[in-house]
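Structure record follows, encoded as C-alpha cells.
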Amino acid sequence: MTRPLLLILTITTATTISGVAQTCRYHDLSKKYNYVVTAVKMKDADDEQPRVKKITVQIKSKVNKKQIQRITIAPEYLYQTAFQSCAAARSYITGKNKNAEADDNDYGDFIAADFNFDNREDFAVKRDSGGNGGAFYEYYIQNKRGTFVKDSFLTDVMGYFPGTFDRRRQRLITYIHANVAGYNENIYKYNSTTGKWILFKQTYRKAGQ
C-alpha cells in the first residue's frame with residue numbers, strides 16, 4: 001500500500017468514527033459559569049442521516065476559566081434540526097432569549113435556570129425531540145457543593161420543559177398538547193424541606209383556555 005493511499009484511508013476512518021461535532025461556547029447564560037456544549041453527530045443506523053449521538057457539557061468558572069465539571073449525555077432520538085445552531089439556547093438566569101418563542105414546546109437545545117428554587121443555577125439539555133407534545137429534556141440540578149447532578153424526577157417524570165415557573169409556590173407547570181381540542185396542564189410541586197417533587201395536579205383544558 002502506498003503512503004498517500006494509507007493517509008486517505010486513515011483520514012476517512014477518523015471522520016467515520018468521530019462524526020461531526022458542533023461546539024457552542026456560552027458566556028452569557030450564567031452569572032458564575034461558562035458552558036461549553038459539544039454535540040457529536042453520527043449517521044443514524046435507520047435512515048443514515050446525521051443525528052446527535054453524544055452531548056458533552058463542560059462547566060467552567062468565569063473567574064479562573066478552569067473546568068469545574070464535565071458531563072456526558074447519551075441522547076435518545078433527536079431530529080436533524082437539533083443542535084444545528086448555537087443560538088438555540090436560553091437563560092432564565094441572565095434573561096438571554098428568555099422570551100423567545102418556543103414553537104411546539106421546543107425551548108432550545110440548552111437552557112440555564114433555577115429549577116428547584118434554591119437560588120443556585122441549574123441547566124437542562126434536550127435529549128429527545130419527542131412528538132406532538134414537544135421535546136424532552138435532561139435536567140441537572142446544582143447541589144450545595146457546586147456539583148451538577150441529574151434530577152431523575154424532572155428528567156423521567158416531568159420530561160417536558162415548563163412553560164411557567166411559579167417561584168412563590170415552588171411549582172413548575174407544563175402545557176402539553178393532548179388532542180386537537182385541548183391540552184394537559186401539569187403542575188409539579190417541589191418540597192424544599194424533603195428535596196422531593198410530586199405531580200401536584202393535572203388538568204385537561206380546552207384550546208384557548
Quiz prompt | Test side-chain contact (heavy atoms from CB on, under 4.5 Å) applied to V57 and V36, step by step | solution = CA-CA 6 Å; V57 178; V36 181; over 6 Å; no

Determine whether [X] and [Y] fall in the same hydrophobic cluster, where Ile, Leu, Val, Met, Phe, Trp and Tyr are linked whenever their side-chain heavy atoms lie under 4.5 Å apart.
| X | Y | answer |
| --- | --- | --- |
| Y26 | I73 | yes |
| I93 | F148 | no |
| I176 | F153 | no |
| L154 | F117 | yes |

Return yes when atom [atom1] of [X] has more than 12 non-hydrogen atoms of other residues, nucleotides or ligands closer than 6.0 Å, and no otherwise.
| X | atom1 | result |
| --- | --- | --- |
| D156 | CG | yes |
| N132 | CG | no |
| K53 | NZ | yes |
| K65 | NZ | yes |
| Q49 | CD | yes |

Side chains of [X] and [Y] in contact at under 4.5 Å (non-hydrogen atoms):
| X | Y | answer |
| --- | --- | --- |
| I173 | I187 | yes |
| Q22 | K41 | no |
| Y107 | P162 | no |
| T56 | R70 | yes |
| T174 | N105 | no |
| R127 | V125 | no |

Please determine, by modelled atom types, if [X] and [Y] share a side-chain donor-acceptor pair under 3.5 angstrom.
| X | Y | result |
| --- | --- | --- |
| Y175 | T164 | yes |
| E138 | Y140 | yes |
| D28 | T94 | no |
| T23 | T38 | yes |
| R51 | Y77 | yes |
| Q142 | Y33 | yes |

Exercise. May I have the step-by-step check of side-chain contact (heavy atoms from CB on, under 4.5 Å) for R90 and K96, ending in yes or no?
Key: CA-CA 5 Å; R90 72 176 68 205; K96 177 74 173 182; over 6 Å; no

Quiz item: Does the separation of the ring centres of F123 and Y35 fall below 6.0 angstrom?
Solution: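 Yes - the distance between ring centres of F123 and Y35 falls below the 6.0 Å cut-off.
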
Quiz item: When the aromatic ring centroids of W197 and Y188 are compared, is their separation below 6.0 Å?
Solution: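 No, they do not, as the ring centres are separated by 6.0 Å or more.
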
Quiz item: Which is it for F136 and F161 under the side-chain contact (heavy atoms from CB on, under 4.5 Å) test, yes or no, and what are the steps along the way?
Solution: CA-CA 7 Å; F136 293 99; F161 196 85; over 6 Å; no

Quiz prompt | Identified side chain to side chain contact (heavy atoms under 4.5 Å, CB included) partner of M158 from the options L199, N186, L172 | solution =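 It is L172, the one option of L199, N186, L172 that forms the side chain to side chain contact (heavy atoms under 4.5 Å, CB included) with M158.
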
[X] [atom1] to [Y] [atom2] distance, which is reported to the nearest 0.5 Å:
| X | Y | atom1 | atom2 | answer |
| --- | --- | --- | --- | --- |
| E121 | S30 | CD | OG | 3.0 Å |
| L29 | I111 | CG | CD1 | 10.0 Å |
| I141 | N116 | CD1 | CG | 4.5 Å |

What is the minimum heavy-atom distance between [X] and [Y], and which atoms define it?
| X | Y | answer |
| --- | --- | --- |
| G195 | Y190 | CA-OH, 3.3 Å |
| S129 | L78 | OG-CA, 3.4 Å |
| G108 | D106 | N-OD1, 2.9 Å |
| V37 | F110 | CG2-CD1, 3.7 Å |
| N179 | A181 | OD1-N, 2.8 Å |
| A135 | Y160 | O-CD2, 3.4 Å |

Is [X] reaching over with its side chain to a backbone N or O of [Y], donor-acceptor style, under 3.5 angstrom?
| X | Y | value |
| --- | --- | --- |
| Y139 | D122 | no |
| T155 | D151 | yes |
| Q69 | T147 | no |
| D109 | K126 | no |

Self-check item: Stepwise side-chain contact (heavy atoms from CB on, under 4.5 Å) test for Q202 and E185
Solution: CA-CA 6 Å; Q202 185 177 59; E185 177 186 271; over 6 Å; no

Quiz prompt | Pair D114 + R167: basic N to acidic O under 4.0 Å | solution =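 Answer for the salt bridge query: yes.
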
Quiz prompt | Ion pair K144/D118, N-O distance below 4.0 Å | solution =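 Salt bridge between K144 and D118, a charged N being under 4.0 Å from a carboxylate O: no.
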
Practice problem: Take K189 and D166 through the test salt bridge (charged side-chain N to carboxylate O under 4.0 Å, His left out) and record every step on the way to the result. | Solution: CA-CA 9 Å; K189 183 173 177 59; D166 183 350; over 6 Å; no

Quiz prompt | Of K60, R25, Q58, K62, the residue whose pairing with N34 passes side-chain hydrogen bond (donor to acceptor under 3.5 Å, both in side chains) | solution =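 Only one option passes, and that is K62.
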
